[in-house]
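A quick write-up on the structure given underneath.
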Amino acid sequence: MSRSKALQSYIILRLLLAPLMLFTIITVVFLLLRATPGDPIDAILGPKASQEAKEIMREQLGLAGPIWLQYLNYLKQLLNFDLGTSITTRGETVWKIITDYFPATVELAVFSMLIALTVGIGIGMMSASKPNTGWDAGGRLFGIITYSVPAFWAGMILQLIFGVQLGWFPLGTRFPVTITPPPTITGLYTLDSLLSGNLTQFFTALHHLALPSITLGILISGIFERIVRVNLKQTLQADYVEAARARGIPEGRILVSHALKNALIPVITVLGLTLASLLGGAILTEVTFSWPGLANRLYEAISSRDYPTVQGIVVFFAAIVVIASILIDILNAYIDPRIRY
């Protein structure tokens, strides 16, 4: 089989598996929510409401009848791209909630990833270029600590030091209520303020974004540090690198121009999946910093037993992860032909 046909077969197989993965996630989330203790009707009306009022509300919200019937109705909704309506806000569609809150999550994820890549690749390069030295030991220790520290604990400590004690960063908000936010173009405050040419709004948004994105970025950077260190160390021992040294090429140029490019290939896989998980799973960071993103909204929906909102947001996040996974697999298969077989 030729390389192009092998790649096409691989892409088709990955695309066919995507609906199956999404269907599995949708089913598991639906069943887990119904198995979780607590009744959404009690959460809305209170435990002292009459049984008649509860039954009427249950019928109105589509929570009456056997579970299999509710499940079929839910699948029918999804086929029409209808994620339902929030139970707690009564009238607000789940799509509206996603479009309102998702830009804040995207902004936090993008800035966190930029910090993670800069710090992780930088320390990984330093560690690999100076093996068995204090720099190498420091880099390895940094990777272990950042990989193992819980995000919520680090978030609370950094908020206490830099937000409460030193007062360097604002807490609990995305933009001050006393200042008009930038006009909504993309929903990302930093980008919208630049597009509207208002640098004051840009630096204000950046100031509010700094502490949560630094916290999340530093914690994630440990993953990239470990990958870059291991792969770059192996690459620096390759024959073509030794040949470059023999030709008298400076060590710094060998590191950046010859070795780093190959060492970064595994980072592509981790980068895509980490960004996807950041978009869908930065819930601890958003809750700890009271960041008004979609993950924080998901936490509120879980607390109030808002089934349609929880299901809708989880399906949305799952779709992002599945799409990112497919794109990364295809990119890896294109770069490395061995993956297709």
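- Formation of a donor-acceptor pair under 3.5 Å by the Asn296 side chain with backbone atoms of Pro292 is not found in this model.
- For Asn198 and Ser193, the side-chain atoms include no donor-acceptor pair closer than 3.5 Å.
- One finds the CZ atom of Phe175 at 9.0 Å from the OG1 atom of Thr173 (value rounded to the nearest 0.5 Å).
- Grouping the Ile, Leu, Val, Met, Phe, Trp and Tyr side chains by contacts below 4.5 angstrom, directly or via other members, places Ile145 with Met156.
- Here the CD1 atom belonging to Ile157 is positioned 11.5 Å from the OG1 atom belonging to Thr288, to the nearest 0.5 angstrom.
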For this session: Could you give me the CA-CA distance, side-chain angles and deciding distance for Ile161 and Leu166, then say whether side-chain contact (heavy atoms from CB on, under 4.5 Å) is met?
Result: CA-CA 6 Å; Ile161 296 173; Leu166 299 175; 4.2 Å; yes
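- Minimum interatomic distance between Trp291 and Ala104 (heavy atoms only, all atoms of both residues): NE1-O, 2.9 Å.
- The cluster map of Ile, Leu, Val, Met, Phe, Trp and Tyr, joined by side-chain heavy atoms under 4.5 Å apart, puts Leu114 and Val106 in the same cluster.
- Surrounding CG of Asn80 are more than 12 heavy atoms belonging to other residues, nucleotides or ligands, all under 6.0 Å away.
- Other cluster members for Val119: Ile115, Ile123, Met126, Trp135, Phe142, Ile214, Ile218, joined by side-chain heavy-atom distances under 4.5 Å among Ile, Leu, Val, Met, Phe, Trp and Tyr.
- Here Leu206 contributes atom CG and Leu199 contributes atom CG; the two are 11.0 Å apart, rounded to the nearest 0.5 Å.
- Counting only distance, with no hydrogens or angles, the side chain of Thr93 and the backbone of Lys96 share a donor-acceptor pair below 3.5 Å.
- Residues Val241 and Arg245 are in side-chain contact: their nearest non-hydrogen atoms beyond the backbone lie under 4.5 Å apart.
- Taken from CG in Leu219 to CG in Leu158, the straight-line distance is 8.0 Å, to the nearest 0.5 Å.
- Residues Arg305 and Ile87 are not in side-chain contact: their nearest non-hydrogen atoms beyond the backbone lie 4.5 Å or more apart.
- With rounding to the nearest 0.5 angstrom, the CG atom of Leu194 is 10.0 Å from the CD1 atom of Ile185.
- The shortest side-chain heavy-atom distance between Gln77 and Leu83 does not fall under the 4.5 Å cut-off.
- Considering all non-hydrogen atoms of both residues, Thr133 and Lys130 come closest at OG1-O, 2.6 Å.
- Residues Met21 and Leu13 fall into different hydrophobic clusters, defined by Ile, Leu, Val, Met, Phe, Trp and Tyr side chains chained together at heavy-atom separations under 4.5 Å.
- Taking hydrophobic clusters as Ile, Leu, Val, Met, Phe, Trp and Tyr residues chained together by side-chain heavy-atom distances below 4.5 Å, Phe317 shares a cluster with Leu31.
- In plain terms, the two heavy atoms of Val314 and Leu298 that are nearest each other are CG2-CD1, 4.2 Å.
- In this structure, the side chains of Ile25 and Val315 stay at 4.5 Å or more apart for every pair of heavy atoms.
- Distance check: Thr27 OG1 to Leu32 CG gives 10.5 Å after rounding to the nearest 0.5 Å.
- At a threshold of 4.5 Å between non-hydrogen side-chain atoms, the residues Thr309 and Arg297 count as touching.
- Minimum interatomic distance between Arg140 and Glu225 (heavy atoms only, all atoms of both residues): N-OE2, 4.0 Å.
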Exercise. Please walk me through it: do Phe23 and Ile26 pass side-chain contact (heavy atoms from CB on, under 4.5 Å)?
Worked result: CA-CA 5 Å; Phe23 176 74; Ile26 290 168; 5.6 Å; no
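- Ring planes of Phe162 and Phe169: perpendicular class, angle over 60° (limits at 30 and 60°).
- The backbone N or O of Pro182 lies less than 3.5 Å from no partner atom in the side chain of Asp192, so there is not a single donor-acceptor pair.
- At most 12 non-hydrogen atoms from other residues, nucleotides or ligands lie less than 6.0 angstrom from OH of Tyr101.
- For Tyr71, the OH atom is densely surrounded, since the number of other residues' heavy atoms within 6.0 Å is greater than 12.
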For this session: Would you check, one step at a time, whether the test side-chain contact (heavy atoms from CB on, under 4.5 Å) holds for Tyr189 with Gln201?
Result: CA-CA 8 Å; Tyr189 282 179; Gln201 289 180 335; over 6 Å; no
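- Taking the side chain as every heavy atom from C-beta outward, Thr215 and Phe289 approach each other to under 4.5 Å.
- Side-chain atoms of Glu107 and Thr190 form a donor-acceptor pair, as typed in the model, at a separation below 3.5 Å.
- Follow the hydrophobic side-chain contacts under 4.5 Å out from Ile12 and you never reach Val322; the two are in separate clusters.
- Side-chain contact between His208 and Leu171 is absent, with no heavy atoms from C-beta onward closer than 4.5 Å.
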For this session: Check the pair Gln311 / Leu33 against side-chain contact (heavy atoms from CB on, under 4.5 Å), numbers first and verdict last.
Result: CA-CA 8 Å; Gln311 290 169 168; Leu33 277 175; 3.4 Å; yes
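- A side-chain donor-acceptor contact under 3.5 Å links Trp95 to the backbone of Phe81.
- The minimum heavy-atom distance linking Ser290 with Gly172 is given by the pair CB-CA, 3.8 Å.
- Between the side chains of Thr105 and Glu286, a donor-acceptor pair is found at a separation under 3.5 Å.
- Legend: ring-ring contact (aromatic ring centres under 6.0 Å, His included) pairs involving residues 209-249, not counting sequence neighbours: none detected.
- Put simply, the side chain of Ile326 reaches to within 4.5 Å of the side chain of Leu15, judged on heavy atoms.
- Taking each heavy atom of Gly84 and Asp82 in turn, the nearest pair found is N-OD1, 2.9 Å.
- A centroid separation of less than 6.0 Å is found between the aromatic rings of Phe316 and Phe102.
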